Amino acid sequence: MIDKESAEHYIWGDHCDGWYLLKQQDLLIIHEKMPAQTAEQRHYHHRARQFFFVLSGQLTMVLQDKVHCLHPQQGIEIPPLAPHQACNRSDMAVEFLVISQPSTRGDRENIDTDDEIKAKA
């Protein structure tokens with residue numbers, strides 16, 4: 001059995017929290033919390049398919065240049081190789097689950113603004 005209190009905790013990005021609910025090479029489930037007005041770096045995964053599911057607050061997901069606003073009990077699938085960025089543009093924290101299959105460990109490529117400009121040129 002696992003719960004948020006006993007799960008391995010880590011800090012990422014701009015004071016964001018993560019709790020590993022399941023940490024296997026073939027499946028990763030994380031409970032994440034992003035404070036107000038924070039964002040992760042735009043990136044993609046070579047192999048991992050992800051599903052983000054909002055528990056509380058509002059999550060803005062930029063997926064392949066399209067903006068999606070997700071509310072509690074809504075989710076979005078992120079296919080492999082799809083550039084994406086999770087953002088909290090609200091004034092309240094957002095909490096969500098991220099399910100990745102296989103694990104995203106060693107599978108992430110950050111996208112720099114310069115790289116995006118070069119790719120579009």
Side-chain angles (χ1 to χ4, degrees):
M1 188 182 103
I2 189 79
D3 60 41
K4 193 172 163 183
E5 295 302 315
S6 63
E8 178 185 344
H9 175 258
Y10 64 96
I11 303 289
W12 61 274
D14 190 16
H15 304 292
C16 299
D17 291 286
W19 295 268
Y20 290 111
L21 302 179
L22 182 64
K23 189 178 178 184
Q24 302 294 331
Q25 189 57 39
D26 62 340
L27 182 62
L28 183 65
I29 302 175
I30 302 172
H31 181 153
E32 292 190 344
K33 181 178 181 180
M34 295 178 75
Q37 303 301 318
T38 57
E40 69 175 342
Q41 184 171 352
R42 189 170 168 83
H43 66 280
Y44 65 92
H45 302 280
H46 291 278
R47 297 177 308 281
R49 177 174 303 279
Q50 294 185 296
F51 185 75
F52 287 72
F53 187 79
V54 177
L55 301 171
S56 64
Q58 180 179 330
L59 180 68
T60 300
M61 179 64 72
V62 181
L63 174 59
Q64 297 179 337
D65 297 323
K66 186 173 180 186
V67 177
H68 303 270
C69 292
L70 295 115
H71 299 277
Q73 306 304 302
Q74 293 182 323
I76 189 167
E77 178 185 7
I78 311 294
L81 302 175
H84 60 282
Q85 179 182 31
C87 309
N88 181 357
R89 297 179 177 168
S90 77
D91 293 327
M92 296 174 44
V94 60
E95 295 195 37
F96 52 94
L97 297 177
V98 183
I99 302 163
S100 305
Q101 199 262 336
S103 172
T104 57
R105 308 307 284 175
D107 185 42
R108 177 180 167 133
E109 292 287 338
N110 289 334
I111 301 172
D112 294 327
T113 305
D114 290 343
D115 291 341
E116 288 184 274
I117 292 168
K118 290 175 191 171
K120 292 179 181 179

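Quick caveat: nothing in here was measured; it's all calculated off a predicted structure.
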Please report the closest heavy-atom contact between [X] and [Y], naming both atoms and the distance.
| X | Y | value |
| --- | --- | --- |
| Ala36 | Ser90 | CB-O, 3.3 Å |
| His46 | Pro80 | O-CB, 3.6 Å |
| Ser100 | Gln50 | OG-NE2, 3.0 Å |
| Glu32 | Ile30 | CG-CG2, 3.4 Å |
| Thr104 | Ala48 | CG2-CB, 3.8 Å |

Passing candidate, side-chain contact (heavy atoms from CB on, under 4.5 Å) with Val94, options Leu55, Thr38, Leu59: Leu59
Pairs under 3.5 angstrom only: tabulate donor-acceptor contacts from the side chains of residues 17-28 to other protein residues two or more places apart or in another chain.
unit_1	atom_1	unit_2	atom_2	d
Asp17	OD1	His9	NE2	2.6
Tyr20	OH	Arg105	NH1	3.0
Lys23	NZ	Glu8	OE1	3.3
Lys23	NZ	Glu8	OE2	3.4

Atom [atom1] in [X], atom [atom2] in [Y]: separation rounded to 0.5 Å?
| X | Y | atom1 | atom2 | value |
| --- | --- | --- | --- | --- |
| Ser56 | Gln73 | OG | CD | 10.0 Å |
| Gln101 | Ser103 | CD | OG | 10.5 Å |
| Asp3 | His31 | CG | NE2 | 11.5 Å |
| Arg47 | Asp107 | CZ | CG | 4.0 Å |
| Gln41 | Asp14 | CD | CG | 13.0 Å |
| Glu5 | Ile2 | CD | CD1 | 10.5 Å |

With clusters defined by side-chain heavy atoms of hydrophobic residues (ILVMFWY) lying less than 4.5 Å apart, directly or transitively, does [Y] cluster with [X]?
| X | Y | value |
| --- | --- | --- |
| Phe96 | Ile78 | yes |
| Val98 | Leu63 | yes |
| Phe52 | Trp12 | yes |
| Val62 | Met34 | no |
| Val54 | Ile76 | yes |

So, [X] side chain and [Y] main chain: donor-acceptor pair closer than 3.5 Å or not?
| X | Y | answer |
| --- | --- | --- |
| Asn110 | His43 | no |
| Asn88 | Pro35 | yes |
| Glu95 | Lys33 | no |

Side-chain touch Phe53/Ile99, heavy atoms, less than 4.5 angstrom: no
Derivation of the side chain to side chain contact (heavy atoms under 4.5 Å, CB included) call for Gln58 and Met92: CA-CA 8 Å; Gln58 180 179 330; Met92 296 174 44; over 6 Å; no
